[in-house]
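Notes follow once the structure below has been shown.
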Amino acid sequence: MSFTNHRKMQLYGALLLLPAAVLLTTFAYLPTVTTVINSLFLPGFRGAPTEFVGLENYQVLFDDPTFWKVARNNLIYAVGTIPTSIALALGMALFVNRKLRGRGFLRMAYFTPTILPMIAAANIWMFFYAPQIGLFNKLLGMLGFSGVNWLGDPSIALSSVIVMSVWKEAGFFMIFYLAALQSMPPELKEAADLEGTSRWSFFWRVTFPLLMPTTLFVLINALINSVRVVDHLFILTKGGPNNATNLLLYYVYENAFSFFDRTTAATITVVILLVLAVVATLKFTILDRRTHYQ
Amino acid sequence: MRLRPPFAMTALAACLLNTAQVNADSVDLTMYYPVAVGGALTDVVDNLVEEFESEYPDINVEAIYAGNYDDTRVRAMSAMEAGETPQLSVMFSIDLYELIEQDAIVAFDDLVETDEEREWLDGFYPGLMENGQLDGKTYGIPFQRSTIVLFWNKDAFEAAGLDPETPPENWEEMAEMAATVREASNNEQWGVMVPSTGYPYWMFQAFAFQNGHRLMSEDGTEVYFDDPAAVEALEYWVSLATEHNAMPDGTIEWGTLRQNFLEQSTAMMWHTTGNLTAVRSEANFDFGVAMLPMKTQRGSPTGGGNFYIFEDATEEEQRAAMTFIRWMTAPERAAAWSIETGYMGVSPAAYETDALQGYVEEFPPAAVARDQLEHGTAELSTYQGGRIRRALDNAVQAALTGQMTPQEALSQAQQEADNVLRRYAR
């Protein structure tokens with residue numbers, strides 16, 4: 001390969017990367033950098049200049065009890081949604097992967113929540129949860145129980161939000177599991193049948209390990225989703241009652257747009273980014289090593 | 001120096017080319033507006049805009065529905081940051097302090113030129129102007145304005161042995177009547193519901209004002225949340241559920257409350273008058289609308305949205321925006337808007353039009369919000385309003401859900417508010 005040809009190839013490669021690089025820089029890297037910078041400054045009041053305050057904004061944030069409450073809520077939310085929705089997705093995928101009547105219909109039913117826009121889904125659920133006229137309390141009433149104020153009682157409001165999220169997410173993850181199951185070579189099952197392997201051990205020894213790449217992928221998605229919840233809170237609770245369902249990204253939104261406090265919003269964002277970076281590193285170093293890729 | 005994405009430039013260029021072709025002198029206006037109640041209000045606005053454009057061919061208005069009040073503020077402010085400020089918008093009447101702090105809007109006093117225009121500016125109900133004025137200048141023009149009213153189900157009252165034509169006059173009566181309905185229905189129907197999500201501070205302000213207490217100073221730099229009168233007001237609200245067994249425990253959802261009322265699961269509700277037309281068209285029972293009950297005085301805060309004109313617009317655009325706003329708030333339009341929604345006619349002249357006069361005669365509840373205006377007070381509006389309202393919202397919800405006593409909750413909100421407002425109080 002001649003020198004100019006080599007240069008040409010390099011240019012060609014660079015040009016291929018350019019669109020992605022421009023997009024990423026504009027929408028990911030630049031905002032990240034400006035966010036970090038914003039979190040180190042305190043804007044002046046009525047025309048006074050912006051002042052560099054170093055890590056003071058972080059100090060103030062860590063002294064804010066609401067921030068800790070919101071962070072704790074988000075942790076509960078993640079623990080509540082991620083394992084449940086993944087387990088449910090796997091169960092549903094295994095179920096509709098078999099030969100059974102009305103399989104297409106079942107698959108569609110499981111997937112429907114995913115294709116509904118979040119806002120629409122949340123509006124529907126708001127009426128499920130409504131204490132007097134809602135579906136859930138009507139059902140409870142038929143069984144002779146008195147109803148629950150699903151979204152208005154701080155001790156269960158967060159759980160109500162979690163239940164709805166699981167409903168929304170599980171169908172989405174099911175699709176990935178279903179695809180992975182269908183790409184699994186049938187010879188494995190035949191061989192296992194010849195050897196008389198029980199269903200249970202076939203699942204744990206063959207199916208589940210082969211699904212690990214999918215699980216890892218789904219896990220990362222689930223984690224991202226658990227941090228970027230903002231839309232259903234708008235409709236369902238607005239973070240209330242008394243911050244019982246307030247989650248990190250919603251708190252960022254509130255600070256930035258309801259309180260016009262861009263500094264605090266930037267500071268929380270940086271904290272979220274750092275935590276996510278740590279989690280991602282752990283995931284790729286520990287989990288990835290245990291994953292079989294076909 | 002602002003970074004503008006290149007597509008904005010092309011869009012701008014395309015826009016300029018476009019207008020140049022259509023009409024050299026025409027003005028393009030962009031307006032965001034919110035809808036905070038149910039119903040097809042976007043259609044109503046679209047029709048009004050169309051009508052305006054046919055009357056003023058050289059002004060093009062693009063009216064963009066932007067969600068609820070908070071969403072609309074966010075959209076307008078982000079557009080501003082992106083260097084694409086709309087020329088005018090309908091926003092929360094209480095956004096005033098934030099908009100002024102951001103230097104976003106202009107005073108109408110600086111825009112009016114003729115006597116006729118000045119007269120228009122002075123033609124609105126003073127009670128509705130309160131939230132739009134600061135330091136003697138008017139920044140917000142009333143548009144979709146409301147007060148909180150009491151809707152009551154006459155059939156439910158009758159079934160409970162109450163006089164269906166007599167709504168409660170005061171706090172005591174409301175608690176009693178509500179408890180009576182609850183008892184008579186064998187705990188099937190609630191007596192009263194006051195929404196405590198969405199805008200809890202707004203409802204609380206009504207309670208406090210009925211107890212003779214105003215929650216904030218005129219200049220928006222101080223709040224008085226932990227005053228004994230305010231504590232008493234919150235105690236009464238909480239007692240409706242805990243003592244009188246007349247209202248459900250926990251918070252009550254703003255968005256589903258109207259449906260609760262329509263399905264007769266509550267005999268009374270407090271809600272914005274903006275719901276009136278929707279309730280009227282959907283209720284299959286006899287209902288009435290009354291002013292809110294009183295403790296020491298009647299009272300409701302005003303609410304809703306005002307027109308604002310943005311600083312960044314050119315002088316020509318600002319003039320055109322004002323022409324549009326004048327047209328939109330003219331008596332006939334204000335009357336039509338009120339009839340289609342339930343929101344108030346914003347000027348006395350609106351109620352003198354044949355249309356609204358006839359409507360009120362045929363459907364007297366349509367006048368309640370206006371009559372209540374006489375007992376109105378400005379909606380809670382201060383510097384750092386978002387944070388202050390949130391503090392009060394949390395306090396109200398903490399008390400209603402039994403996490404704190406009203407006294408504790410309001411003291412905490414007061415402390416939070418004091419911290420936030422310290423730098424404004426000087």
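The figures here come from the full heavy-atom set of this structure, side chains too, leaving out hydrogens, waters and symmetry mates. Convention: sequence-line order gives letters A, B, ...; per-chain numbering from 1. Not measured: the values here are computed from a predicted model.
In terms of non-hydrogen atom pairs under 4.5 Å with chain A, the most contact-rich of I252(B), D103(B), N260(B) is N260(B). Comparing S196(B), P200(B), G250(B), G198(B) by how many heavy-atom pairs each has under 4.5 Å with chain A, the most go to G250(B).
Under a cut-off of 6.0 angstrom, the local environment of CZ in F145(A) is sparse, with at most 12 non-hydrogen atoms contributed by other residues, nucleotides or ligands. A 6.0 Å sphere centred on CD of Q415(B) holds no more than 12 heavy atoms belonging to other residues, nucleotides or ligands. Counting non-hydrogen atoms of other residues, nucleotides and ligands closer than 6.0 Å to CD of E263(B) gives a total above 12. Residue D63(A) places its CG atom among more than 12 non-hydrogen atoms of other residues, nucleotides or ligands, all under 6.0 Å distant. Around atom CZ of F285(B), more than 12 heavy atoms belonging to other residues, nucleotides or ligands sit under 6.0 Å away.
Between I133(A) and T256(B), the shortest heavy-atom contact is CD1-O, 4.1 Å. When all heavy atoms of Y253(A) and D71(B) are compared, the pair lying nearest together is OH-OD1, 3.9 Å. When all heavy atoms of Q397(B) and P241(A) are compared, the closest pair comes out as OE1-CA, 2.9 Å. Residues N243(A) and N394(B) come closest through the heavy atom pair ND2-ND2, 3.3 Å. In plain terms, the two heavy atoms of G152(A) and T401(B) that are nearest each other are O-CG2, 3.3 Å.
With a 4.5 Å cut-off on side-chain heavy atoms, Q132(A) and M193(B) count as touching. Counting heavy atoms from C-beta outward, N68(B) and F234(A) have side chains that stay 4.5 Å or more apart. In this structure, N246(A) and R390(B) have side chains that are in contact, with non-hydrogen atoms separated by less than 4.5 Å.
At a heavy-atom cut-off of under 4.5 Å, chain B is reached by E254(A), N255(A), F257(A), S258(A), F259(A), F260(A), D261(A), R262(A), T264(A) from residues 254-265 of chain A, listed in order of number.
Heavy-atom distances place no part of T266(B) under 4.5 Å from chain A, backbone and side chain included. Only the side chain of Q403(B) has a heavy atom closer than 4.5 Å to any heavy atom of chain A. For R73(B), the part lying under 4.5 angstrom from a heavy atom of chain A is the side chain only. With a 4.5 Å cut-off on non-hydrogen atoms, D64(A) does not touch chain B at all. Proximity to chain A (any heavy atom under 4.5 Å) is shown, for Q259(B), by both the backbone and the side chain.
To the nearest 0.5 Å, atoms CD (E416(B)) and OG1 (T66(A)) are separated by 6.0 Å. Residue W254(B) holds its CH2 atom at 12.0 Å from CE of M126(A), rounded to the nearest 0.5 Å. Distance check, rounded to the nearest 0.5 Å: CG of L236(A) to OG1 of T197(B) gives 10.5 Å.
Checked by atom type and distance alone, the side chain of D393(B) never pairs as donor or acceptor with a backbone atom of N242(A) at under 3.5 Å.
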